[in-house]
Amino acid sequence: GIIGILILSNVLASILFYHFNKYKKDVKQVDNNEVKINDNVFVLATLYKESKEDIEQMINSLADDNYKNLCVMLVLDGEYCVDILFNEIFSIDPNILQHSVNLDGNDVKYVLHISKGTKYLIVVKSVNQGKKHSQCIFYDMININYNPQEYMTHPLFPFVKYLNQRLDINSYKYVLLLDGDTIIENNKTIEKMVHIINTYPDFMAICGTTHVLNKNTNLITMSQTFEYFTSHLLLKLYETIIFNTLVMSGCFSMLRLRTDHGVLINEPILEEYNKIPTNLVEDNLIKFGEDRYLTSILINTYADYKIKYIPEINCYTDVPVTIKNLVLQRQRWTNSLLACHIYLLKSKFISFKLYFLIFIELAVILILPLLIVVGITNFIMAITIQGFSFLPVIITSNIVLLNLYIVILTGNVKMMLYYVPYMLVSLLYTVIVPYVCVLRFHVVKWNSKADLHSEDNIIDSDEHSIDIPSNETYFNEITTE
């Protein structure tokens, strides 16, 4: 009963905020040209094995958004996309990459290229070391620039010096994080994000709504279209209402580069972000949930700053097209959620709002699937063994139709059409994945986002496994601290 009341309050609060949130006013000011935004903004896009079409769509969406003061930093994780980017998209000679540094045994080449009035800082890593490593090149760059005297021996110091000779890094206030296959909506999206983060000085980051680009590919992508919409509404929106958004998506978020405390993602945060895992929870934190983990570190570090979700700001991306890749993706996400919630429960500051949010989300993951199974069992018994009974039928029907009711209340008619595909695979989202994650918390597989359309190139985490204690050992540790 208590869980039901809490879930109902979640639904009602989210629906009301969806229709009447205060950020609509800020977005409308930009739409009506009531404000003038000209802050310098970095865009950080990490590339691995994206196709020419993916990269072109991402770059063109930035160009079509017509925000003038951009420097787009494209970090190529390995040399897979070099020919695509240089020869096919920019039509320039890759030999212009004449500057390089050695970073963690990786030959990192870079060049600042200007195309159609937009600055592109292209960074090519000779070896694939992951998205986190690519992002940390940017964060290190900001830290070195902020306090160069302390970083004169850092491998990236020549890179920062090169860049400062061509633009003023200090003049850039924000960074927009994108994936290589993310497309931003072309309706002053960047201007809206900058205006909102300018308007609220206590916001250290904001994120928007991610929509499914390949939504009509098959039943699996159709179901994700509906699930993405409702999860943004019931999770991100509710988190924003109560406390902070607990995951700042790396595919579409904007961060401040500096606060009153100095650089936002400073050296202590980077050390925490890149530490070597020593137990099972940290293994899931560090290897498979970098976006949520970085968000958790920021929340734990800056109690006086906020991370908010703005539903009116939109982007589009591709999602997995096979059940196997979908399950692998959701297992990583759910394992990361569980691990980050454990991390936040050990937070150095006490926040009852945070504890309440964690309780709700863990209840959704661990208890709601059980309620659904029990409800379906009672439904079957009510119409067979026990003879027909209205009460179990009504209760179970309302649980099953809850997501549809939510979409109806938002007034999104098009999204209602995707309810049927979602229902056909709903047990996958609500029962199978949550319990697989709990029972197999120690076994996670990785499928590259670049391989969404393939079942190849799936790497077992055992390939980079470490000696870690069991779940029981770790949970005993945190209860005795």
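Rounding to the nearest 0.5 Å places CD of Glu191 at 6.0 Å from CD1 of Ile37. Glu56 contributes atom CD, which lies 11.0 Å from atom CD1 of Ile183 (distance to the nearest 0.5 angstrom). Here the CD1 atom belonging to Ile142 is positioned 9.5 Å from the CD1 atom belonging to Ile265, to the nearest 0.5 angstrom. For the atom pair OG1 of Thr230 and CG of Asn412, the computed distance is 11.0 Å after rounding to the nearest 0.5 Å. Atom CG of Leu255 and atom CE of Met193 lie 9.0 Å apart (nearest 0.5 Å). Between Met222 atom CE and Lys215 atom NZ the span is 10.0 Å, to the nearest 0.5 Å.
Listed here is the closest heavy atom pair of Asp202 and Asp304: CB-O, 4.1 Å. Across all their heavy atoms, Gln224 and Pro320 have their closest contact at NE2-O, 2.8 Å. When every heavy atom of Thr209 is checked against every heavy atom of Pro311, the shortest pair comes out as OG1-O, 3.0 Å. Closest heavy-atom contact between Glu272 and Ile297: CG-CD1, 3.5 Å. Minimum interatomic distance between Ser134 and Thr46 (heavy atoms only, all atoms of both residues): CB-CG2, 3.7 Å. Residues Gly180 and Glu50 come closest through the heavy atom pair C-CG, 3.9 Å.
Side chain of Thr189 to main chain of Asn186: no donor-acceptor pair is present (N/O by atom type, distance under 3.5 Å, no hydrogens or angles). Between the side chain of Asn244 and the main chain of Ile307, a donor-acceptor pair closer than 3.5 Å is present. In this structure a side-chain-to-backbone donor-acceptor pair under 3.5 Å is present from Asn274 to Leu270. Put simply, the side chain of Thr221 gets close to the backbone of Asn214: a donor and an acceptor are under 3.5 Å apart. Formation of a donor-acceptor pair under 3.5 Å by the Asp83 side chain with backbone atoms of Glu88 is not found in this model. Side-chain atoms of Ser336 never come within 3.5 Å of backbone atoms of Arg332 as a donor-acceptor pair (strictly under, hydrogens ignored). Here the side chain of Ser223 pairs a donor or acceptor atom with the backbone of Ile220 at under 3.5 angstrom. For the pair Arg256 (side chain) and Leu264 (backbone), a donor-acceptor distance under 3.5 Å is absent. The closest donor-acceptor contact from the side chain of Ser249 to the backbone of Cys251 lies under 3.5 Å. No side-chain donor-acceptor contact under 3.5 Å links Asn198 to the backbone of Pro201.
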Query raised in the report: Going through the checks in order, is the side chain to side chain contact (heavy atoms under 4.5 Å, CB included) test met by Phe252 and Cys207?
Result: CA-CA 6 Å; Phe252 187 52; Cys207 57; 5.9 Å; no

Requested in this report: Would you check, one step at a time, whether the test side-chain hydrogen bond (donor to acceptor under 3.5 Å, both in side chains) holds for Tyr80 with Asn128?
Outcome: CA-CA 9 Å; Tyr80 182 86; Asn128 168 28; over 6 Å; no

Report task. Kindly indicate, with the supporting measurements, whether the criterion side chain to side chain contact (heavy atoms under 4.5 Å, CB included) is fulfilled by Thr210 and Thr317. Result -> CA-CA 7 Å; Thr210 302; Thr317 191; 3.5 Å; yes

Requested in this report: Decide yes or no on side chain to side chain contact (heavy atoms under 4.5 Å, CB included) for Leu246 and Lys236, but give the supporting numbers first.
Outcome: CA-CA 8 Å; Leu246 299 184; Lys236 281 185 178 291; over 6 Å; no

Query raised in the report: So Phe243 and Glu239, side chain to side chain contact (heavy atoms under 4.5 Å, CB included) or not? Walk me through it.
Result: CA-CA 6 Å; Phe243 180 62; Glu239 290 170 352; over 6 Å; no

Report task. Check step by step if side-chain hydrogen bond (donor to acceptor under 3.5 Å, both in side chains) holds for Asn40 and Tyr174. Result -> CA-CA 7 Å; Asn40 288 340; Tyr174 309 112; over 6 Å; no

Report task. Could you walk me through whether Asn403 and Tyr422 pass side-chain hydrogen bond (donor to acceptor under 3.5 Å, both in side chains), step by step? Result -> CA-CA 10 Å; Asn403 282 325; Tyr422 170 78; 3.1 Å; yes

Report task. Could you walk me through whether Asn216 and Tyr418 pass the side-chain hydrogen bond (donor to acceptor under 3.5 Å, both in side chains) test, one step at a time? Result -> CA-CA 10 Å; Asn216 294 322; Tyr418 291 94; 2.8 Å; yes

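Contact of the Ile196 side chain with the Val27 side chain is registered, since non-hydrogen atoms from C-beta on lie closer than 4.5 Å. No side-chain heavy atom of Leu177 sits less than 4.5 Å from a side-chain heavy atom of Met254. Looking at heavy atoms from C-beta onward, Val123 lies out of side-chain contact with Leu76 at the 4.5 angstrom threshold. Two residues are said to be in side-chain contact when any heavy atoms from C-beta on lie closer than 4.5 Å; Thr295 and Thr245 fail this criterion. Side-chain atoms of Met58 and Leu74, non-hydrogen and from C-beta on, do get closer than 4.5 Å to each other. The shortest side-chain heavy-atom distance between Cys71 and Tyr172 falls under the 4.5 Å cut-off. Looking at Leu326 and Gln329, their side chains come closer than 4.5 Å, going by heavy atoms from C-beta outward. Inter-residue side-chain proximity for Leu178 and Leu62 is flagged as met; some heavy-atom pair is nearer than 4.5 Å.
Ring centers of Tyr139 and Tyr273: at least 6.0 Å apart, outside the cut-off. In this structure, Tyr343 has its ring center closer than 6.0 angstrom to the ring center of Tyr293. Under the 6.0 Å cut-off for aromatic ring centres, Tyr309 and His232 qualify, their centroids lying closer than that. Within the 6.0 Å centre-distance limit, the rings of Phe42 and Phe138 are counted as a close aromatic pair. For Tyr23 and Tyr200, the ring centers sit closer than 6.0 Å to each other.
No more than 12 heavy atoms of other residues, nucleotides or ligands shown are found within 6.0 angstrom of NZ on Lys306. Remark: Glu34 CD is packed, more than 12 non-hydrogen atoms of other residues, nucleotides or ligands lying under 6.0 Å away. Residue-environment remark: NZ (Lys28) stays at or below the threshold of 12 foreign heavy atoms within 6.0 Å.
Contacts of Lys131 classified as side-chain hydrogen bond (donor to acceptor under 3.5 Å, both in side chains), with partners at least two apart in sequence or in another chain: Asp179.
Under a 4.0 Å N-O distance rule, the pair Glu312/Lys192 does not qualify as a salt bridge.
Contacts classified as side chain to side chain donor-acceptor pair (under 3.5 Å) and involving residues 63-79 (residues at least two apart or in different chains) are given here: Asp77-Lys125.
Checked options Ile206, Val30, Thr199, Asp39; the residue passing with Val194 is Asp39 (criterion: side-chain contact (heavy atoms from CB on, under 4.5 Å)).
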